[in-house]
Amino acid sequence: ASECARYETARVKNKSTYWLVFELIWRDFYRLYCEKHGSKVFWPGGPVGEKPEWVDHAPTLERWKEGKTGMPLVDANMRELAATGFMSNRGR
């Protein structure tokens with residue numbers, strides 16, 4: 001981020017430099033989070049250990065996979081995934 005600040009002072013500060021720093025901050029946050037919690041971040045329930053009750057309901061799963069949950073953001077991301085095989089990091 002300090003190198004980016006130097007660039008902004010010398011050349012230009014714009015949306016691209018803002019988003020670069022923004023993404024670096026998130027990268028560092030999750031790197032430190034994983035350093036603190038270790039492999040627990042991959043455990044069911046995560047570092048907190050919460051294990052929500054799983055409901056095995058095939059029709060609900062199908063609606064989710066088809067992008068028909070009724071939640072616009074979820075549906076748009078699932079339809080994008082089905083159509084392109086890709087989902088942005090924001091959708092994930």
* **Closest non-hydrogen atom pair, C4 against L20** => SG-CD2, 3.9 Å
* Asked: Below 4.0 angstrom, N of the basic side chain to O of the carboxylate: do E62 and K65 qualify?
  -> yes
* R6, CZ atom: more than 12 neighbouring heavy atoms under 6.0 Å -> no
* For the hydrophobic clusters of this structure (ILVMFWY residues joined by side-chain heavy atoms under 4.5 Å, transitively), does one cluster hold both W26 and V41? -> yes
* Should W19 and L24 be counted in the same cluster of Ile, Leu, Val, Met, Phe, Trp and Tyr side chains packed under 4.5 Å apart? -> no
* Can you see which heavy atom on M87 is nearest to which on N77, and at what distance? => CE-O, 3.5 Å
* Atom pair CZ/CZ of R27 and F22 - distance to nearest 0.5 Å -> 14.0 Å
* CZ (F42) with more than 12 external heavy atoms under 6.0 Å -> no
* To do: Would you give the length of the straight line joining atom CG of D75 to atom CZ of R63, rounded to the nearest 0.5 angstrom?
  => 10.0 Å
* For the pair T84 (side chain) and E80 (backbone), establish whether a donor and an acceptor sit closer than 3.5 Å, ignoring hydrogens and angles. => yes
* Quick one: do R90 and E23 make a salt bridge, cutoff under 4.0 Å? -> yes
* Asked: Do W64 and L81 sit in the same hydrophobic cluster, where Ile, Leu, Val, Met, Phe, Trp and Tyr count as joined when their side-chain heavy atoms come under 4.5 Å apart?
  -> yes
* **Residue among H37, K36, R31 satisfying side-chain contact (heavy atoms from CB on, under 4.5 Å) with Y33** => H37
